[in-house]
Amino acid sequence: MSTESGALFEADTPGADAPETVDFPVPAPLDSHGPARVIAMCNQKGGVGKTTTTINLAAALAEYGRKVLIVDFDPQGAASAGLGINANELDDTVYTLLMDSKADIRDTIVHTSVPDLDVVPANIDLSAAEVQLVGEVAREQALSRALRPVLDEYDVIFIDCQPSLGLLTVNALTAAHGVLIPLGAEYFALRGVALLVDTIEKVTDRLNPKLRIDGILATMVDMRTLHSREVIERVREAFGEKLFDTTISRTVKFPDATVAAEPITSYAPTHPGAEAYRRLARELVARGDAA
Ligand SMILES: Nc1ncnc2c1ncn2[C@@H]1O[C@H](COP(=O)(O)OP(=O)(O)OP(=O)(O)O)[C@@H](O)[C@H]1O
Ligand SMILES: [Mg+2]
């Protein structure tokens, strides 16, 4: 392992007195908002941190003055719940937008307790969409069409995908400019990513030529273990620059924040986990993948 990557590994370890590694500048304030960059949070493997990353990266970008919309695109509604929204009580959700081309996205948008962070919620209704969309014309473009009216009002729109590569995820990839792939730092993390990359390539070919992979994010990292470091090294070999320099450590503060239905950036603002997502937000902007 090179010294350089050794320094990188220590960067986000809570409590480690890591030497200051490269940081990313605080994004300049924006004079106006939009057009949005749409980013799909995808990995068909469950429990890798898609929803946690969606909520906390979105909240960090909102703290930096960006207008951010989260589209909850999982029938489990975890992103909605994680931001304190009881989507089970709602009649109009992202499902309504997919099924009714006359529905207005503005009627489904819910403001959260975080300024400049809004959500299009989802609930279990969405589980029927996959089957119902199959017979529709332009079935892969339903989400893209639904988002169009608000593209100019937000700086970033995140789509929190469910753990599958089915038609809903294809809709997310068709609506997106970029894909962000959270990857748990564990053995076999890379298994399945080839299949995801394959799907992304098919969508790029057939439906959405502008689509690209924005980055791979190592989550649930424990830098004290050789294991985590080895997995990250493997991901770096496979994806090179696509791997975000920022990594997200494993900490119980994330599940705690979920229970509190808040982003970690407001639940525990000074926790290293909050700082890691702020750093990721700065890195995303520095890469040019967000305004
Ligand atoms: N860095 C972390 N450290 C510890 N726990 C984490 C971390 N990130 C996420 N978690 C926890 O792991 C679980 C799965 O995370 P999350 O829901 O974000 O994954 P997901 O990829 O969205 O899952 P699914 O595929 O089911 O939608 C949650 O309980 C979450 O609180
Ligand atoms: Mg999720």
Side-chain angles (χ1 to χ4, degrees), residues 9 11-16 39-60 70-85 87 93-94 119-124 126-127 130 158-166 168-169 171-173 179-186 188-193 195-196 199 215-225 227-229 231-232 235 244 246-268 271-281:
F9 289 152
D12 292 309
T13 310
I39 300 176
M41 200 68 69
C42 279
N43 190 332
Q44 77 275 22
K45 185 166 162 42
V48 295
K50 293 180 289 294
T51 302
T52 303
T53 300
T54 299
I55 291 174
N56 294 299
L57 177 57
I70 290 175
V71 178
D72 190 345
F73 216 39
D74 184 343
Q76 301 303 318
S80 308
L83 287 160
I85 297 158
T93 61
V94 69
V119 183
V120 175
N123 61 26
I124 198 70
L126 185 61
S127 60
E130 195 113 19
F158 288 107
I159 307 169
D160 183 28
C161 293
Q162 63 179 345
S164 120
L165 291 176
L168 286 184
T169 296
N171 258 270
L173 294 173
V179 192
L180 203 157
I181 308 173
L183 207 68
E186 56 188 33
F188 312 124
L190 278 170
R191 272 195 190 177
V193 175
L195 203 58
L196 174 56
T199 304
I216 320 272
L217 175 69
T219 62
M220 306 190 199
V221 172
D222 184 350
M223 286 305 186
R224 292 165 305 185
T225 66
H227 173 67
S228 263
R229 297 197 299 268
V231 170
I232 291 180
V235 178
F244 285 105
T246 305
T247 60
I248 308 298
S249 295
R250 180 181 285 281
T251 160
V252 74
K253 274 283 188 248
F254 288 112
D256 286 355
T258 306
V259 173
E262 270 190 69
I264 197 170
T265 46
S266 60
Y267 174 73
H271 189 274
E275 192 38 55
Y277 275 108
R278 287 192 196 101
R279 187 173 190 266
L280 180 64

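Counting convention: from 1, in listed order, for ligands and their atoms alike. Residue numbers run from 1 in the order of the sequence given. These numbers were taken from a predicted model, which means no experiment stands behind them.
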Does any donor atom in the side chain of T53 or Y277 lie under 3.5 Å from an acceptor atom in the other side chain? yes
If we count only N and O atoms by modelled type, under 3.5 Å, do the side chains of D222 and S228 hold a donor and an acceptor together? no
Decide whether an N or O pair under 3.5 Å exists between [X] and ligand 1.
X: G46; result: no
X: G47; result: yes
X: T251; result: yes
X: G49; result: yes
X: T51; result: yes
X: T219; result: no

Could you list which atoms of ligand 1 come closer than 4.0 Å to a heavy atom of [X]?
X: T258; result: 31 (O)
X: I248; result: 1 (N)
X: P163; result: 25 (O), 27 (O)
X: D74; result: 27 (O)
X: V48; result: 19 (O), 20 (P), 21 (O)

Evaluate the 4.0 Å heavy atom contact test for atom 9 (C) of ligand 1: does a protein atom fall under the cut-off? yes
Any protein heavy-atom neighbour for atom 20 (P) of ligand 1 (distance below 4.0 angstrom)? yes
Can you name the nearest heavy-atom pair linking [X] to [Y], along with the distance?
X: V48; Y: P182; answer: CG2-O, 3.5 Å
X: Q162; Y: E130; answer: NE2-OE1, 3.3 Å
X: M223; Y: R229; answer: O-NH1, 2.7 Å
X: T199; Y: L165; answer: OG1-CD1, 3.6 Å
X: L126; Y: D72; answer: CD2-O, 4.4 Å
X: T246; Y: R279; answer: OG1-NH1, 3.1 Å

How close does the nearest protein non-hydrogen atom get to [atom], and which residue and atom is it?
atom: atom 5 (N) of ligand 1; answer: P255 CD, 3.6 Å
atom: atom 25 (O) of ligand 1; answer: K50 NZ, 2.8 Å
atom: atom 2 (C) of ligand 1; answer: F254 CD1, 3.3 Å
atom: atom 12 (O) of ligand 1; answer: M220 CE, 3.6 Å

Got [X] and [Y] here, is their nearest side-chain heavy-atom distance under 4.5 Å?
X: T219; Y: T52; value: no
X: V231; Y: E186; value: no
X: C42; Y: T169; value: yes
X: L217; Y: L57; value: no

What is the distance from atom CD1 of I55 to atom CE of M41, rounded to the nearest 0.5 Å? 10.0 Å
I need the contact type for [X] against ligand 1. Using non-hydrogen atoms and a strict under-4.0 Å cut-off, is it side chain, backbone, both or neither?
X: S249; answer: backbone
X: T52; answer: both
X: V252; answer: neither

Any N/O/S atom of T51 sitting less than 2.8 Å from the Mg ion (ligand 2), backbone or side chain? yes
